[in-house]
2 protein chains.
Amino acid sequence: MERGPRDDRAEAATDEALRALAEPRRRAILRLVARRELAAGEIAAEFEVTRTAVSQHLTVLKTAGLITERREGTRRLYRARPEGLDGLRQFLDDMWASSLDTARRLAEAERGLTGDGLPATG
Amino acid sequence: MERGPRDDRAEAATDEALRALAEPRRRAILRLVARRELAAGEIAAEFEVTRTAVSQHLTVLKTAGLITERREGTRRLYRARPEGLDGLRQFLDDMWASSLDTARRLAEAERGLTGDGLPATG
DNA sequence: CGATTGCGTCAGTCATCACTAACGTTAGCG
DNA sequence: CGCTAACGTTAGTGATGACTGACGCAATCG
């Protein structure tokens, strides 16, 4: 099982999205802009931290590909970018499928106790 | 849209799972034990960090409900726990759905330019 | 019984990160 | 032009967290 450069890039994208989502405030922001497009100031008004902090969170989310920015005069409007979650959903689905498969194999082996062995799948 | 204690617990669970998955090494460990059940030592042998570090990662994953531990003699066998990902998958699906919906509404408003207004959905 | 194997836990270190205050920048108004 | 509004950016700080070495503990072997 080799890991090609495409996997690495997918991993990097997943890693950035995951790190971005691991912060509660960023998830809250993402929930806001998932519901409707909002300006930076409107987003900041929803929280009790500085606009600076919110701005930095927005940068992280944008870099991770989870939101998009659109300028309108002096304002900057943000909205969620659903495709940014695709890699993550793929990752979770794969993990879920293989975990469930392993659990099934283990349950079956325990029921039969045939000493199956599972001779080093990898 | 009120937030009940059940939502808070769901958020807490999602938060722990997310924080656990935000670490590349922990994802690698999870991928290993998703494929087959492994002992702590076998897992540690796959990486170039100390067994201590791996053990702490396993603790985090276990606390987050992403893996289960089973003792066999002096060994401890770990495997992925698929249900641990359920909350996260729900979160991502919800986010994806509302993001897509908002994107559609925005695209439609721009096409028609009817000055729809979107009078404060929340 | 003592020795070894297979782990987890504790204490300490270094890097990362979320946050704030101050400053820089661009768009509109008089 | 100057002035304000709405932002992003930079420098610095405190807390979190990933890691290592030393130690502790249960299970097995002689």
Side-chain angles (χ1 to χ4, degrees), chain A residues 11-33 36-81 120, chain B residues 11-33 36-81 88:
Chain A
E11 245 291 302
T14 302
D15 183 71
E16 260 195 321
L18 232 18
R19 287 225 318 271
L21 289 176
E23 166 62 48
R25 190 101 54 187
R26 278 197 286 266
R27 286 199 299 277
I29 292 176
L30 194 57
R31 270 191 289 261
L32 281 178
V33 298
R36 59 192 186 104
E37 196 177 38
L38 288 174
E42 300 178 292
I43 299 169
E46 296 281 338
F47 304 98
E48 294 186 339
V49 292
T50 326
R51 291 179 303 101
T52 306
V54 174
S55 181
Q56 288 167 346
H57 283 314
L58 287 171
T59 299
V60 173
L61 287 169
K62 191 172 59 180
T63 302
L66 297 178
I67 62 175
T68 52
E69 182 195 293
R70 177 169 71 91
R71 309 203 180 186
E72 193 179 271
T74 159
R75 304 199 314 164
R76 305 200 183 185
L77 303 172
Y78 294 92
R79 82 174 96 162
R81 182 172 169 275
Chain B
E11 246 290 302
T14 301
D15 184 71
E16 260 196 322
L18 232 19
R19 286 225 319 270
L21 289 177
E23 166 63 45
R25 190 100 55 188
R26 278 197 285 267
R27 285 199 300 276
I29 293 177
L30 194 57
R31 270 192 288 262
L32 281 179
V33 298
R36 60 192 184 103
E37 196 177 38
L38 288 174
E42 300 179 291
I43 299 170
E46 296 281 338
F47 304 98
E48 292 188 339
V49 293
T50 327
R51 291 179 302 102
T52 307
V54 174
S55 181
Q56 286 167 349
H57 283 315
L58 287 170
T59 300
V60 172
L61 287 169
K62 192 172 59 179
T63 303
L66 298 178
I67 61 175
T68 52
E69 182 196 292
R70 178 170 70 91
R71 308 202 182 188
E72 194 179 271
T74 160
R75 305 201 312 165
R76 305 200 185 184
L77 302 172
Y78 294 93
R79 80 174 97 162
R81 182 173 169 275
L88 221 49

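Residue numbers start from 1 in every chain, and the chains themselves are labelled A, B, ... in the order their sequence lines are given, proteins ahead of strands.
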Output a table of nitrogen or oxygen pairs between the protein and nucleotides 28-30 of chain C separated by less than 3.5 Å.
none

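Rounded to a whole Å, the CG atom of B:L77 is 11 Å from the C1' atom of C:dG6. The separation between A:R71 atom CZ and D:dA5 atom C1' is 15 Å, rounded to whole Å. For the pair A:R51 CZ and C:dA22 C1', the interatomic distance rounds to 12 Å; values are reported in whole Å. Nucleotide C:dC7 holds its C1' atom 9 Å from the CD atom of B:E69, rounded to whole Å. To the nearest angstrom, P of D:dA6 lies 17 Å from CZ of A:R70.
For A:A39 against A:R75, the heavy-atom pair with the smallest separation is CB-NH1, 4.0 Å.
Less than 4.0 Å separates DNA chain C from at least one heavy atom of each of the following residues of residues 18-28 of chain A: A:R19, A:E23, A:R25, A:R26. Taking a 4.0 Å limit (strictly below) on heavy-atom distances, residues 53-68 of chain B reaches DNA chain C at B:S55, B:Q56, B:T59. Residues from residues 41-50 of chain A placing a heavy atom under 4.0 Å of any atom in DNA chain D, listed by number, are A:G41.
To the nearest 0.5 Å, atom CD1 of residue A:I67 and atom CG of residue A:L77 are 11.5 Å apart.
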Show the atom names and distances, to 0.1 Å, of all donor-acceptor pairs under 3.5 Å that link a side chain in residues 46-66 of chain A to residues at least two apart or in another chain.
unit_1, atom_1, unit_2, atom_2, d
A:H57, ND1, A:R26, NH1, 3.1
A:T59, OG1, A:S55, O, 3.1
A:K62, NZ, A:E69, OE1, 2.7
A:T63, OG1, A:T59, O, 2.8

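Under the salt bridge (Lys or Arg N to Asp or Glu O under 4.0 Å) criterion, A:E42 pairs with no residue at all, not counting sequence neighbours. In this structure, the salt bridge (Lys or Arg N to Asp or Glu O under 4.0 Å) partners of B:E37, at least two apart in sequence or on a different chain, are B:R70, B:R79. Qualifying side chain to side chain contact (heavy atoms under 4.5 Å, CB included) partners for B:R27, counting only residues two or more places apart in sequence or in other chains: A:E11, A:D15, A:L18, A:F91, B:L21, B:P24, B:R31.
Looking at the side chain of A:Y78, the nearest of the listed nucleotides C:dG8, D:dG8, C:dT20 is D:dG8.
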- [ ] Dot-bracket for DNA chain D, please, read 5' to 3', with Watson-Crick or G-U wobble pairs under 3.5 Å on both distances, ( ) within the strand, [ ] crossing, | other strand, . unpaired.
- [x] ||||||||||||||||||||||||||||||
